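Atoms within a ligand are numbered from 1 in the order they appear, just like the ligands themselves. All values below come from the heavy atoms of this structure, side chains included, with hydrogens, waters and symmetry mates left out. Computed from a prediction, not measured in an experiment: that's the story for all the values here.
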Amino acid sequence: MKGNELKPRIGLFGRRNVGKSSLVNYLTGQQIAIVSDTAGTTTDPVRKSMEIGGIGPVVLIDTAGIDDEGALGLQRVEKSMAALAEVDLALLLFTEWGAPEERVADWCTTHGTPMLKIRSKTDNPEYPDIPDCPEIPEIPDFRLTTSDPTLREPLIEAIRWALPESAYRGQTLLGDVVGQGDTVVLVTPIDRSAPEGRMILPQVQVLRDLMDLHAVAVFCQPEELGKTLASLHKPHLVVTDSQVFAKVAAVVPEEIPLTSFSVVLARQKGLFDEYLHGTQAIGQLQDGDRVLLLESCTHNVTCEDIGRVKLPAAMRKKTGKEIECEVIGGQSPLPSDLSQYALVIQCGGCVITAQQVKARLLPALEAGVPVSNYGLALAWCTGIFDRATKIFRK
Ligand SMILES: Nc1nc2c(ncn2[C@@H]2O[C@H](COP(=O)(O)OP(=O)(O)OP(=O)(O)O)[C@@H](O)[C@H]2O)c(=O)[nH]1
Ligand SMILES: [Mg+2]
């Protein structure tokens, strides 16, 4: 059920003419990308789906040369650099090592993005062996010539090695706190906002995770929770819709762990430990403090009213402070000076991969700005944060 957007994305970066588009064709086995010896053939980032054995479908992103020049050329370079923010793995092709390669490598280091260095055109005597790149010795490099078909398999093996498993394998949601045979009660009010005839995605995801774990899942509405608990022998955990958290918390005895679907989902992507810590910063916000909200969807913004209305209102109400909130949507670049913000809050990131969420948040942490997530920030504002996160705190 992986949406198109959730396929792992692999970006190809390097100077003009280094062989990026040739590599797209080499990997896919098709003449998809235009290859020529004219520098600057690829202008905008181009995306192409392919299958990689052992990984599944991925999206390859071919980009313009990172050494392009002139006014238009520089714009193309910035487009290529922006594409880095959406990849789970960067392939950096090079025939020489200098400032453009350093820029990509530095970006990857700062944003926690895995990178595979590919020494290109090794058949061409024009490119004598350049010394290893001692700045990033932990990243091995691959020697490639696209005229040799026998290198394809080893290259795919290297890509599989470099691509984090989290980019293509679903993470367990509750595997660290729920075991085989444990009973988990799921409280889901069926009110007017519930869709007709089905459950919503977070509920289905948690249910499927519990089935994978061979746990026992019991669904009920809040009104039947008391009866449900009484009929069960000490359930292991209760997960509730956050809208009815207070009502549910009054019924669930203190010794039974209680959390919400949005807190469970917040652990799936992003930096949960940093969120746990960063969310507390809401309590220290002062009049005039600026909070940056990062919303990852670009279209059909389903969380729009959380970031633009609900969450700002909840924070102002809880703190009594005049907080300034700014929303950045889609994959638009972050402001260069993040230290002007007192807090950065990321949405659930349902349309982006875990690596993309991480790449968005690491610069904030680097700038010393605490980070949180929509679900956790709302939990904090509604006073349920401590109890809802207790079971996940180490
Ligand atoms: N000798 C040799 N030439 C190669 C190899 N791979 C690609 N080329 C040639 O290098 C030239 C540039 O290849 P492209 O794939 O268009 O390079 P690119 O990085 O996409 O270039 P831009 O789109 O301009 O940034 C073409 O003439 C290719 O045939 C290789 O492994 N060895
Ligand atoms: Mg090209």
Side-chain angles (χ1 to χ4, degrees), residues 9-50 52 58-108 113-133 136 139-160 162-163:
R9 297 174 191 209
I10 300 172
L12 292 88
F13 302 91
R15 298 189 195 204
R16 288 167 295 173
N17 253 344
V18 76
K20 302 177 294 296
S21 301
S22 304
L23 180 53
V24 169
N25 295 344
Y26 184 74
L27 281 172
T28 56
Q30 299 169 38
Q31 297 305 307
I32 291 164
I34 301 172
V35 167
S36 94
D37 55 10
T38 309
T41 303
T42 309
T43 50
D44 281 316
V46 179
R47 293 164 182 80
K48 174 70 198 164
S49 290
M50 72 172 283
I52 297 184
V58 302
V59 177
L60 291 180
I61 307 176
D62 188 11
T63 63
I66 46 171
D67 63 334
D68 213 339
E69 300 158 336
L72 260 183
L74 289 178
Q75 282 186 41
R76 288 197 279 265
V77 172
E78 291 320 308
K79 277 260 169 141
S80 299
M81 290 304 293
L84 273 169
E86 58 172 291
V87 305
D88 297 291
L89 171 66
L91 304 182
L92 176 56
L93 284 80
F94 64 99
T95 49
E96 58 185 304
W97 191 268
E101 288 75 18
E102 287 286 353
R103 191 175 171 205
V104 173
D106 285 349
W107 195 98
C108 289
T113 300
M115 186 179 88
L116 186 66
K117 290 187 293 176
I118 299 180
R119 204 175 278 253
S120 188
K121 303 189 184 181
T122 50
D123 58 314
N124 190 332
E126 220 182 286
Y127 303 112
D129 259 4
I130 59 163
D132 275 340
C133 324
I136 36 173
I139 304 168
D141 58 350
F142 190 94
R143 305 174 63 83
L144 180 72
T145 161
T146 48
S147 54
D148 181 356
T150 65
L151 294 172
R152 191 169 172 271
E153 264 315 304
L155 176 61
I156 286 181
E157 190 52 47
I159 290 174
R160 213 184 281 143
L163 189 66

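- Nearest protein heavy-atom neighbour of atom 17 (O) of ligand 1: Gly19 N, 3.2 Å.
- Shortest contact from atom 1 (N) of ligand 1 to any protein heavy atom: Asp123 OD2, 3.1 Å.
- Considering only heavy atoms from C-beta on, Leu84 comes within 4.5 Å of Cys108 through its side chain.
- For ligand 1, the atoms lying closer than 4.0 Å to a non-hydrogen atom of Ser21 are 15 (O), 18 (P), 20 (O).
- Each of the atoms 22 (P), 23 (O), 24 (O) of ligand 1 lies under 4.0 Å from some heavy atom of Thr41.
- Closest to atom 29 (O) of ligand 1 among all protein heavy atoms lies Val35 CG1, 3.8 Å.
- Considering only non-hydrogen protein atoms, atom 12 (C) of ligand 1 sits nearest to Asn17 OD1, 3.0 Å.
- Atom 6 (N) of ligand 1 has as its closest protein heavy atom Thr146 OG1, 2.9 Å.
- Among the atoms of Ser22, some N or O lies under 3.5 angstrom from an N or O of ligand 1.
- Taking only non-hydrogen atoms, the option from Arg15, Arg76, Lys20 nearest to atom 18 (P) of ligand 1 is Lys20.
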TODO: Could you check Arg103 against Val77 for side-chain contact (heavy atoms from CB on, under 4.5 Å), going step by step and ending with a plain yes or no?
DONE: CA-CA 11 Å; Arg103 191 175 171 205; Val77 172; 3.6 Å; yes

>> Set out, in order, the CA-CA distance, both residues' side-chain angles and the distance that settles side-chain contact (heavy atoms from CB on, under 4.5 Å) for Asn124 and Thr95, then state yes or no.
In response: CA-CA 10 Å; Asn124 190 332; Thr95 49; over 6 Å; no

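- Among the backbone and side-chain atoms of Ser21, an N/O/S atom is found under 2.8 Å from the Mg ion (ligand 2).
- Closest to atom 10 (O) of ligand 1, if we only count protein heavy atoms, is Lys121 NZ, 3.0 Å.
- The shortest non-hydrogen separation linking Thr42 to Ala64 is O-CB, 3.3 Å.
- Around atom CD1 of Ile34, no more than 12 heavy atoms belonging to other residues, nucleotides or ligands sit under 6.0 Å away.
- Distances below 4.0 Å separate heavy atoms of Thr145 from the following atoms of ligand 1: 31 (O).
- Here's the thing with Val18: one of its N/O atoms is less than 3.5 angstrom from an N/O atom of ligand 1.
- For Thr38, the closest heavy-atom approach to ligand 1 falls below 4.0 Å.
- Backbone and side-chain nitrogen or oxygen atoms of Gly40 are examined, and one is located within less than 3.5 angstrom of a nitrogen or oxygen of ligand 1.
- Heavy atoms of Ser36 approach ligand 1 to within less than 4.0 angstrom.
- Nearest approach of Thr113 to Trp107, heavy atoms of both residues: OG1-CZ3, 3.4 Å.
- When non-hydrogen atoms are compared, ligand 1 lies under 4.0 Å from the backbone of Ala39 (N, CA, C, O) but not from its side chain.
- For a distance bound of 2.8 Å, the N, O or S atoms of Thr63 include none lying that close to the Mg ion (ligand 2).
- No side-chain heavy atom of Asp148 sits less than 4.5 Å from a side-chain heavy atom of Asp123.
- What you find for Lys20 and Leu12 is that their closest heavy atoms are O-CD2, 3.4 Å.
- For the 3.5 Å distance criterion, the side chains of Ser22 and Thr146 fail to qualify, holding no donor opposite an acceptor.
- A salt bridge links Glu96 with Arg15; the closest basic N to acidic carboxylate O contact falls under 4.0 Å.
- Of the listed residues (Val59, Leu60, Val58), just one forms a side chain to side chain contact (heavy atoms under 4.5 Å, CB included) with Ser49, and that residue is Val59.
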